[in-house]
Amino acid sequence: MTSRDGFQWTPSDGLKQGVPSIGVISPPRKIQTDKPWDVIVVGSGYSGLTAARDMCVAGLRVLLVEARDRIGGRSWSSNIEGYPFEMGGLGVHWHQPHVWREISRYQMRGELESSFDFSRGVNHFELRTDHGVTTMSHEEEDNLLATALEKFVNVDGNMCRTLIPFPHAGFHNPEARKYDRMSVLDRLNEISQTLTPNERASVESFILLCSCGALETTSLFEFLHWWALGGYNYQGCMDCLISYKFKGGQSSFAIKFFNEAMSSGNLSYAFNSPVKSIHDEGEQVTLTTRDGRIYTASRLISTIPLNVLSDVEFNPPLDQNRAQATKIGHVNQCVKVHAEISNKDMRSWTGITYPFNKLTYAIGDGTTPAGNTHVVCFGGYFNHIQPEEDIDATKSAVTSMAPGKMDIQRLVFHNWSKDQFAKGAWFFSPPRLLSDSLDALRQRHGNILFANSDWAIGWRSFIDGAIEEGTRVAFTLKEELRPTGSSLRSQ
Ligand code: FAD
């Protein structure tokens with residue numbers, strides 16, 4: 001099945017919108033009950049899928065309403081000639097507790113593979129900056145980045161262990177709030193004398209790879225929080241962020257949640273159904289879609305992401321603090337472009353091209369069925385491009401990552417900035433947003449609960465955070481809607 005989402009370019013076919021994915025749901029609408037629903041879940045990303053599955057399995061009747069034609073939200077894989085290009089979220093790791101619980105549940109431990117393969121080919125890292133080109137081994141790459149990042153994060157003289165002793169309770173030490181009022185640029189200005197030009201370029205490009213915002217709009221705390229989650233070191237961050245993926249792609253994972261919910265017999269769903277308004281009437285919640293369909297249930301879970309929450313009308317209106325946070329939004333405008341190139345030796349290549357190129361960080365990420373190398377490239381708000389609007393500029397940004405070595409056979413991407421149901425990629429906080437609004441974003445609003453990775457506590461911004469959030473709200477409603485004197489079927 002082909003999703004409307006995503007783009008593909010090849011020399012023979014040019015640019016085409018829509019790519020095949022195993023996450024597309026057909027038929028798009030299925031109503032399994034004539035009784036009223038207990039809960040409506042809006043959104044079928046990992047937050048919504050987890051919440052819907054947990055409640056269905058516990059015996060609640062659930063309606064899942066999704067704007068797109070597919071599951072997965074910001075994590076989905078296209079399946080092109082049998083190869084899964086990851087359009088959004090990719091990396092998973094055993095240090096991510098909620099993800100790992102689900103990988104174990106679905107017995108997918110053997111389905112992971114490493115993005116990196118340094119066993120053959122060029123086997124080096126290229127750093128292109130205003131100061132020239134440096135080619136080095138991957139060990140030297142790791143040393144450069146680790147040294148630069150350690151200087152950057154060491155705000156407490158203890159690599160953040162004192163500042164953020166419990167990464168799954170980021171503000172446990174109240175001192176951490178001070179760093180949420182600072183930007184990454186503020187910190188760079190403090191330590192600029194200690195960084196060599198290559199260290200400065202490396203640390204800036206790495207942080208921008210994480211936030212895909214600008215240095216001045218990236219919360220210092222949030223970056224330190226990622227560092228703490230990654231085990232307070234560079235290698236741990238790399239392992240958790242970008243090293244391990246599903247052989248079958250993210251959609252092969254997401255579909256397990258959906259199928260389990262379906263097999264309970266308690267899930268109804270409506271895809272291609274963007275929500276227009278949500279009205280909490282006290283006794284029940286009424287949802288109206290843009291095409292005029294009306295659904296009601298006792299409770300509603302919204303998993304709509306922060307940057308598009310204000311596009312839905314809530315009645316009663318959202319409280320002031322939450323509404324203010326949605327206006328500010330997160331800063332991540334990641335551009336992720338997959339390139340299939342004929343150069344097999346590039347499988348073991350990594351590179352940073354900064355600050356002059358429109359894409360800044362890239363790695364050899366796989367080998368396609370045609371035997372070509374799959375390189376994944378990242379850019380962001382800084383030097384931002386809309387890849388489908390000028391495909392020649394996009395190709396030029398890819399080839400500039402390693403001039404002369406990128407013979408492009410195919411490009412695949414999803415423009416998250418222009419996506420009306422995301423308006424950005426993974427959450428990354430600007431200064432103050434978290435300290436001012438994280439608690440408000442997690443509050444319920446009468447019969448409406450809000451779950452999204454964007455306001456998770458632990459691996460916020462990650463698939464793990466989405467599963468954390470879906471689990472939280474499902475648990476609340478399973479307890480709340482348990483019939484008096486009886487118990488819901490437990491998982
Ligand atoms: P979403 O996935 O955004 O789900 C929300 C759902 O709500 C969507 O399906 C959306 O269509 C739907 N929706 C929105 N508005 C409406 C409406 N009006 N009506 C009906 N439905 C609506 N995470 C990792 O762990 N590892 C990674 O390597 C990683 N890399 C990433 C790379 C990219 C390019 C992107 C974009 C994300 C990446 N992430 C990664 C982050 C991860 O994908 C997200 O944090 C996670 O998928 C969010 O899940 P969610 O369910 O909370 O939100």
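When a ligand or atom number is given, it counts from 1 through the structure's own listing order.
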| query | So which pairs with a foot in residues 204-217 pass side chain to side chain donor-acceptor pair (under 3.5 Å), sequence neighbours left out? | reply | Arg200-Glu204, Glu204-Tyr354, Ser211-Thr218
| query | In chain order, what residues pass the ring pair (Phe, Tyr, Trp, His ring centres under 6.0 Å) check against Phe223, with sequence neighbours excluded? | reply | Phe152
| request: Mind checking ring pair (Phe, Tyr, Trp, His ring centres under 6.0 Å) for His93 and listing every partner two or more places apart, or none if nothing turns up? | output: His95, Tyr244
| field | Under 4.0 Å from ligand 1 - residues by heavy atom, chain and number | value | Val42, Gly43, Ser44, Gly45, Tyr46, Ser47, Glu66, Ala67, Arg68, Gly72, Gly73, Arg74, Ser75, Gly88, Gly89, Leu90, Gly91, Leu241, Ser273, Pro274, Val275, Thr303, Ile304, Pro305, Val312, Lys336, Trp416, Phe421, Ala425, Trp426, Asn452, Ser453, Ser461, Phe462, Ile463, Ala466
| query | Can you find a side-chain donor-acceptor pair between Ser437 and Arg432 that sits under 3.5 Å? | reply | no
| query | Within 45° of the ring axis of Phe450 and under 6.0 Å from its six-membered ring centre, is that where the NZ or CZ of Arg322 lies? | reply | yes
| message | Please tell me whether Trp76 and Phe85 form a close aromatic pair, meaning their ring centres lie under 6.0 Å apart. | response | no
